[in-house]
Amino acid sequence: EQQQEETATTSAPVLYVKIALNGCPNVLSRFKLETFLTNEADMQPVDHPMLLAPGKFFYWVFVGERGTFSKTHVDVMGSEAWLVVVSGRKEWVMVHPHDKHLVMDGEGKFANLFDIDYARFPQAHRARITRFEQGPGDAIFVPSDAPHAVRNLEQSVSFTYNFFGTTSDSASKWQRMVGRVMGDNS
């Protein structure tokens with residue numbers, strides 16, 4: 001997944017790259033985030049035939065130039081995530097998961113959390129929204145279904161992974177979702 005946009009001062013494209021690390025054992029062997037952030041037994045790997053790597057955690061590296069960003073979104077399949085910045089700085093805007101409906105329109109599109117259009121999203125002022133910066137060595141947790149947007153304040157490199165934890169209802173959400181996709185309505 002790549003995002004490119006033109007800068008105001010040059011015609012050179014600005015690049016923000018997301019690289020899946022599931023097939024990179026040398027990188028993953030050094031990336032043992034679960035050993036100090038949570039008990040690995042509380043995490044369940046993603047397992048679904050429609051996904052690229054069933055039975056795996058989704059490990060990613062994000063590399064982005066200053067000014068690149070991810071639009072407001074919730075993480076893949078309702079998963080939770082950890083993200084650690086290796087270098088650079090990021091600006092985050094995150095909405096409490098229970099307030100997701102306050103920043104989403106009737107078509108399922110999210111407000112731009114960096115510049116909310118309150119005419120289009122009149123209930124957004126009621127949402128519990130947190131803004132913060134993340135720097136090198138900082139780790140953050142993104143709960144399941146928490147809308148968030150992230151902007152690189154300077155060139156940055158970060159590692160993240162998505163998982164389904166047993167400490168929240170994300171595991172049961174995952175099972176319900178798999179049931180719907182596979183046609184099991186029970």
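Because the structure is a prediction, the values reported are computed rather than measured. No hydrogens, no waters, no symmetry mates; every other heavy atom, side chains included, goes into these values.
When every heavy atom of M94 is checked against every heavy atom of P143, the shortest pair comes out as SD-CD, 3.9 Å. Residue V74 comes nearest to F110 through the heavy atom pair CG1-CZ, 3.9 Å, listed as atom of the first residue, atom of the second, then distance. When all heavy atoms are compared, the tightest approach of A81 to N162 is CB-ND2, 3.6 Å. When all heavy atoms of L113 and A149 are compared, the pair lying nearest together is CD1-N, 4.0 Å. Taking every heavy atom of both residues into account, L102 and F121 meet most closely at O-CB, 4.4 Å. Here the closest non-hydrogen pair linking T72 and P147 is CG2-CB, 4.2 Å.
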Step-by-step side-chain contact (heavy atoms from CB on, under 4.5 Å) determination, D145 to K100: CA-CA 7 Å; D145 282 338; K100 176 173 132 179; 3.5 Å; yes

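Checked by atom type and distance alone, the side chain of D99 pairs as donor or acceptor with a backbone atom of R128 at under 3.5 Å. At least one donor-acceptor pair under 3.5 Å links the side chain of H73 to the backbone N or O of K71. Counting only distance, with no hydrogens or angles, the side chain of N112 and the backbone of F114 share a donor-acceptor pair below 3.5 Å. Using modelled atom types, one side-chain atom of D138 and one backbone atom of G135 make a donor-acceptor pair closer than 3.5 Å. Side-chain atoms of N152 never come within 3.5 Å of backbone atoms of Q155 as a donor-acceptor pair (strictly under, hydrogens ignored). Using modelled atom types, no side-chain atom of S156 and backbone atom of R89 make a donor-acceptor pair closer than 3.5 Å. No donor-acceptor distance shorter than 3.5 angstrom exists from the side chain of S158 to the backbone of V84, with no hydrogens or angles considered.
Taking the six-membered ring where tryptophan is involved, the planes of W82 and F141 are tilted, since the angle between them lies from 30° to 60°.
Looking at K90 and F69, their side chains never come closer than 4.5 Å, going by heavy atoms from C-beta outward. In this structure, E91 and V150 have side chains that are not in contact, with every pair of non-hydrogen atoms separated by 4.5 Å or more. Two residues are said to be in side-chain contact when any heavy atoms from C-beta on lie closer than 4.5 Å; V93 and R131 meet this criterion. Inter-residue side-chain proximity for I116 and I129 is flagged as met; some heavy-atom pair is nearer than 4.5 Å. Using a 4.5 Å heavy-atom threshold, the side chains of D75 and V142 count as touching. For the pair V86 and F159, the minimum side-chain heavy-atom distance is below 4.5 Å. Looking at V157 and V61, their side chains come closer than 4.5 Å, going by heavy atoms from C-beta outward. Looking at heavy atoms from C-beta onward, W92 lies in side-chain contact with L83 at the 4.5 angstrom threshold.
Counting heavy atoms of neighbouring residues, nucleotides and ligands inside a 6.0 Å radius, atom NE2 of H101 exceeds 12 of them.
If you take CD on E65 and CD on E154, they are separated by 13.0 Å, rounding to the nearest 0.5 Å.
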